[in-house]
There are 2 protein chains.
Amino acid sequence: MSAEGVRARVRAEMTEEIKTVARRHLATDGANLSLRAVARDMGMASSAVYRYFASRDELLTALIIDAYDAVGEKVENAEKREKGGHVERLLVTAHAVREWALENPHQWALIYGSPVPGYQAPVDTVAPATRVILLIARIVQDAYEAGAIAEQAAITGGYADELARVAQQFTPGTPPRLVGAAFSAFIHLCGAVSAELFGQLNNSVDEDRRGYFEFQMRGAAAFIGLG
Amino acid sequence: MSAEGVRARVRAEMTEEIKTVARRHLATDGANLSLRAVARDMGMASSAVYRYFASRDELLTALIIDAYDAVGEKVENAEKREKGGHVERLLVTAHAVREWALENPHQWALIYGSPVPGYQAPVDTVAPATRVILLIARIVQDAYEAGAIAEQAAITGGYADELARVAQQFTPGTPPRLVGAAFSAFIHLCGAVSAELFGQLNNSVDEDRRGYFEFQMRGAAAFIGLG
DNA sequence: GCCATAGAGAGAGCAGTGCTCTTGCTTTTC
DNA sequence: GAAAAGCAAGAGCACTGCTCTCTCTATGGC
């Protein structure tokens with residue numbers, strides 16, 4: 001392209017490199033990573049980084065969006081390759097989430113851990129954040145439409161209304177109760193992964209953590225009415 | 001007591017006051033609270049605080065232990081007052097945990113959120129950390145011994161072995177499969193509360209969050225074989 | 001009751017942080 | 001070629017955790 005394009009490309013490369021270095025620092029410093037340290041690693045002045053990210057929070061936001069997209073893409077690919085039934089699709093999805101989390105514990109903490117103090121997630125993060133739960137919902141919807149799920153008692157109340165609203169938007173035709181069960185599986189999934197990563201399992205489940213996780217997710221599948 | 005006792009008591013009071021002020025700061029600054037700001041609030045030099053806590057991490061450890069004990073005590077009291085059946089006891093326990101978490105979101109983040117970078121939890125935190133899960137295990141054991149839980153298929157594998165070991169130590173006589181279900185309820189409980197507090201529910205479950213939580217916990221109870 | 005001592009607090013100082021502002025320099029645009 | 005826009009660097013501000021030194025006071029042995 002034009003020379004303008006060159007500058008834009010260099011800028012994009014710099015932006016990407018800053019994020020890569022920042023991700024490395026995430027491992028040692030967690031969410032309160034040092035912008036100055038990142039700049040030092042890149043051999044540039046700390047003030048120069050502000051040409052690319054207006055603040056540390058903005059850099060964090062970029063990392064958060066990337067993390068959501070990374071886990072989303074990994075999980076979607078894993079599920080796409082699975083040729084088994086609905087339970088298998090659900091389990092392979094869950095295990096893919098866990099594996100990504102084990103590979104990138106600090107990015108997991110960034111998106112599913114305690115929010116960093118004073119940081120307000122902007123709207124840009126909402127869409128990428130929904131990829132995993134949407135995939136689970138789609139699997140459950142597929143199973144429902146295939147008649148693979150036994151009839152369940154309907155639920156009522158405010159939560160049921162909210163579930164109905166969500167169902168209408170993302171998985172029309174699926175009963176609210178079932179959407180609730182899918183959501184429940186997602187909550188259980190996140191809780192199981194976070195418990196493993198954040199140390200709640202230490203001194204009680206130390207060896208077969210994959211078995212632990214499988215047990216949780218089979219329970220979640222059963223609650224959905226699968227398996 | 002003697003004059004020595006006076007000094008010791010003043011010291012204990014100061015220690016307690018520092019923790020109280022620090023807990024207040026936790027709300028705005030999260031885990032990276034400022035020791036200097038705490039000192040400023042107390043009208044003393046920051047260096048003086050180091051007479052009471054050797055480092056910020058040591059202060060954090062004290063807050064963590066206090067938090068575990070606070071939620072543990074609240075939950076144990078709530079459960080003690082409940083005169084209903086096993087499901088009711090489990091639900092009142094779960095709701096008590098959630099209510100404490102909603103009242104003290106930053107203390108919840110401290111104990112069940114992402115670990116603070118560079119911080120290594122000392123052994124002193126292990127015992128207080130087990131109070132809630134032990135209470136749940138006791139309820140499940142009671143239900144089992146009362147014959148209130150239907151027979152379940154046993155599980156095998158490494159995780160089952162670990163469960164058996166845990167069962168032998170804390171709830172002897174209870175089948176590993178059932179201990180696993182109790183543990184699963186605890187994991188689900190923590191995940192549900194964290195999801196609510198850490199923002200995963202925003203834009204999908206905004207009104208009846210108690211109903212949402214109740215739904216999760218009834219699912220957990222069903223997995224145990226209750227209700 | 002006296003006096004050495006241990007405990008408590010204050011202040012200065014070090015190295016680090018996020019972020020801003022000013023100053024030069026280079027690239028793009030007209 | 002001149003004007004404008006983008007980039008990088010450096011100094012500086014207010015803040016942080018933590019250490020060290022100094023002073024003062026309450027404590028315990030005699």
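Chain naming here is simple, since letters A, B, ... match the order of the sequence lines and numbering starts at 1 in each. Reckoned from all heavy atoms, side chains included, excluding hydrogens, waters and symmetry mates. Source: prediction; values computed, not measured.
- Taking atom CZ of residue B:F53 and atom P of nucleotide D:dT19, one finds them 16 Å apart after rounding to whole Å.
- Rounding to whole angstrom units, OH of residue A:Y52 and C1' of D:dC7 are separated by 6 Å.
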Exercise. At under 4.0 Å between heavy atoms, which parts of nucleotides 17-26 of chain C does protein reach? Answer with one letter per nucleotide, 5' to 3': B base, S sugar-phosphate only, - none.
Key: BBBBB-----
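- Protein atom CD of B:E58 is 10 Å distant from nucleotide atom P of D:dC18, rounded to whole Å.
- Residues A:H188 and B:S184 come closest through the heavy atom pair CE1-OG, 3.1 Å.
- Ion pairing of A:E79 with A:R89 is present here, as a side-chain N (NZ or NE/NH1/NH2) and a carboxylate O approach within less than 4.0 Å.
- D:dT16 atom P lies 19 Å from atom CG of A:D29, rounded to whole Å.
- Taking only side-chain nitrogens and oxygens, B:R11 never comes nearer than 4.0 Å to OP1 or OP2 of C:dG7.
- The salt bridge (charged side-chain N to carboxylate O under 4.0 Å, His left out) analysis of residues 66-77 of chain B, with sequence neighbours excluded, yields the pairs B:K19-B:D66, B:R23-B:D66, B:D69-B:R131, B:K74-B:E103, B:E76-B:R131.
- Smallest separation of non-hydrogen atoms from B:S46 and B:A39: CA-CB, 3.5 Å.
- In terms of modelled atom types and a separation under 3.5 Å, the side chain of B:E162 and the main chain of A:D208 share a donor-acceptor contact.
- In this structure, A:F198 has its ring center at least 6.0 angstrom away from the ring center of A:Y112.
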